[in-house]
Amino acid sequence: LISVRFSRTRRDGEPPLVNGWIPFLGKALEFRKNAHGFLAAHKEKHGDVFTVLIAGKYMTFIMNPLLYPYVIKHGKQLDFHEFSDQVAPVTFGYPPVRSGKFPGMDEHIQRSFRLLQGDNLDNLTESMMGNLMLVFHKDYLDGESEWRTESMYQFCNSVMFEATFLTMYGKPAHTNRHSGMVMLRQDFVKFDNMFPLLIARIPISLLGGTKIIRDKLINYFHPQRMSTWSNTSGFIKERAALFEQYDCMGDIDKAAHHFAILWASVGNTVPATFWAMYYLLTHPEALAVVREEIHCVLKVSGLEADHNRDVTFTREQLDSLLYLESSINESLRLSSASMNIRVAQEDFSLRLEGERSIRVRKGDIISLYPQSMHMDPEIYENPEMYKFDRYVEDGKEKTDFYKDGQKLKYYRMPFGSGSTKCPGRYFAVNEIKQFLSLLLLRFDMEVVEGQEPCSLDSSRAGLGILLPATDVQIHYRPRQAREEE
Ligand code: HEM
């Protein structure tokens with residue numbers, strides 16, 4: 001490993017600097033393995049704001065969530081896109097959007113995100129429900145009544161990957177499902193396994209066959225092929241039309257952009273779905289309340305759980321599933337480990353609360369690490385415990401959480417913050433709700449007894465939802481079949 005001499009000395013007004021000889025890459029990987037513990041130990045020693053050199057970058061961590069608003073509102077001096085515009089193109093293989101080569105494209109891309117939200121969610125939700133039912137029925141509910149065994153992650157991955165893909169990109173001509181979906185998913189998993197290394201800017205040429213796999217994945221989205229697909233979401237259609245306006249953008253570059261959106265839309269959603277399902281299935285009291293809530297909503301709308309009819313949920317019905325939403329948010333709290341990054345655009349003084357401020361140098365990174373907040377016992381009693389109704393109070397969503405006696409503006413941040421907050425967050429929560437509702441309505445399912453509790457694999461700490469360290473075996477059978485016995 002390369003070592004760099006720590007040449008910078010702390011100036012007046014700057015946060016404490018974690019000093020010493022720091023292995024260039026080693027620290028980054030060590031950090032990734034146990035970021036939560038690493039930061040907690042430094043917080044203990046240096047207080048709630050400190051600077052560490054990680055992978056060649058000076059990173060200032062703001063550990064106290066009461067200080068988060070001071071960072072999040074600093075849009076002008078603290079920029080997120082500078083970082084993502086360097087890292088995403090290298091990871092997904094497209095030319096940087098803000099390089100000057102594609103004038104106006106960045107603004108258009110940002111504007112396209114509205115197509116994932118608000119009224120646009122109605123179409124997405126309807127399409128997702130149809131696609132979820134298609135995949136569930138064809139692959140898992142094909143009439144057999146006996147119990148089957150499956151790996152839970154595998155199950156979530158195969159259903160959510162394909163249903164999300166169909167909802168985003170549409171279906172091929174003359175048939176409902178894309179050929180080669182299993183291969184695409186397998187290649188995606190291989191690429192995704194390398195994702196933490198690519199984000200750490202390890203050249204793809206050093207990562208074995210990863211480049212070949214990425215090229216294959218990108219090629220799946222060749223504009224010629226995509227032009228034959230129908231039922232494509234407005235979001236993807238608008239982006240495809242935008243890319244057509246730039247003559248200097250090659251077909252493979254366009255395809256690479258679409259591939260990046262595939263990663264954004266399933267990379268976190270699949271593990272998030274896994275955790276939401278795992279916690280429900282391993283907490284019978286939560287499962288009973290959530291199941292009852294889903295049945296109630298369907299009954300109120302006159303749509304009893306008739307197994308021969310398609311289930312439809314309106315967006316309002318999905319919004320009214322308070323306990324289901326709380327259970328999903330609770331599993332996101334327990335499994336998310338994303339880092340919010342801002343890059344200082346100039347030397348400046350970052351105002352924190354009261355008279356307090358810190359000096360920041362141009363090019364430095366300011367980081368929020370919400371996992372530390374999610375696991376803070378002062379904010380969340382018994383933070384390592386899954387409490388499905390943690391976010392419900394008096395029949396409404398609970399939004400008041402406290403630190404040092406003060407109400408927190410930010411208390412749950414799996415989707416990032418401020419202007420760079422995930423634009424797909426409403427769609428993501430909706431699709432997980434749809435997946436779980438169908439699961440509870442259409443399947444009998446249980447976790448196979450005698451397995452170790454599932455733990456988090458921290459190897460992608462900082463990058464989003466953590467994967468499980470091991471898969472979990474489940475038994476399932478179609479509900480309808482049982483009732484007809
Ligand atoms: C960005 C989380 C699902 C589309 C992000 C960011 C996070 C995140 C943490 C970075 C924000 C920041 O750094 O401040 C998640 C989680 C998901 C999820 C936890 C699932 C549980 C989705 C879905 C879509 C999506 C389903 C699309 C359909 C995007 C896009 C960006 C993004 C396009 C980049 C935004 C930009 O460049 O400004 N997501 N996401 N995400 N997400 Fe999500």
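Just so you know, ligand 1 is whichever comes first in the structure, and atom 1 is the first atom listed for that ligand. Counting from 1, the numbers follow the sequence of the chain as shown.
Contact atoms of ligand 1 toward Ser265: 23 (C), 24 (C), 26 (C), 27 (C), 28 (C) (distance under 4.0 Å to a heavy atom of the residue). Atoms of ligand 1 found under 4.0 Å from any heavy atom of Gly416, numbered from 1 in the order shown, are 9 (C), 14 (O). Atom numbering of ligand 1 starts at 1 in the shown order; those under 4.0 Å from a heavy atom of Ala272 are 21 (C). Close contacts of ligand 1 with Phe427, meaning ligand atoms under 4.0 Å from a residue heavy atom, involve 26 (C), 28 (C).
Side-chain contact of Arg342 with Ser417: a donor-acceptor pair under 3.5 Å is present, judged by distance alone. Between the side chains of Ser265 and Thr164, no donor-acceptor pair is found at a separation under 3.5 Å. Donor-acceptor pairing under 3.5 Å is recorded for the side chains of Gln473 and Ser151. Side chain to side chain, Arg239 and His108 fail the donor-acceptor criterion of an N or O pair below 3.5 Å.
Ligand 1 has no nitrogen or oxygen under 3.5 angstrom from a nitrogen or oxygen of Thr269. In terms of polar-atom proximity, Ala428 is not counted as a contact of ligand 1, lacking any N or O under 3.5 Å from an N or O of the ligand.
Note on ligand 1: Phe113 sits in its first shell, one or more heavy atoms being nearer than 4.0 Å. Not a single heavy atom of Met339 lies less than 4.0 angstrom from ligand 1. Glu431 counts as a contact of ligand 1, since one of its heavy atoms falls under 4.0 Å from the ligand.
For atom 9 (C) of ligand 1, the nearest non-hydrogen atom from the set Pro414, Cys422, Gly464 belongs to Pro414.
Figure legend: Arg412 and Tyr391 shown as a cation-pi pair, the cationic atom lying under 6.0 angstrom from the six-membered ring centre and within 45 degrees of its axis. Taking the centre and axis of the six-membered ring of Phe401, the NZ or CZ atom of Lys398 falls inside the cone set by 45° and 6.0 Å.
With a 4.0 Å cut-off on non-hydrogen atoms, Ser336 does not touch ligand 1 at all. When heavy-atom distances to ligand 1 are checked against a 4.0 Å cut-off, Ile465 comes that close only through its side chain, counted from C-beta outward.
Screening Phe92, Tyr246, Tyr94 against His257 for a ring pair (Phe, Tyr, Trp, His ring centres under 6.0 Å) leaves a single residue, Tyr94.
Remark: Asp251 does not engage Arg225 in a salt bridge, criterion side-chain N to carboxylate O under 4.0 Å.
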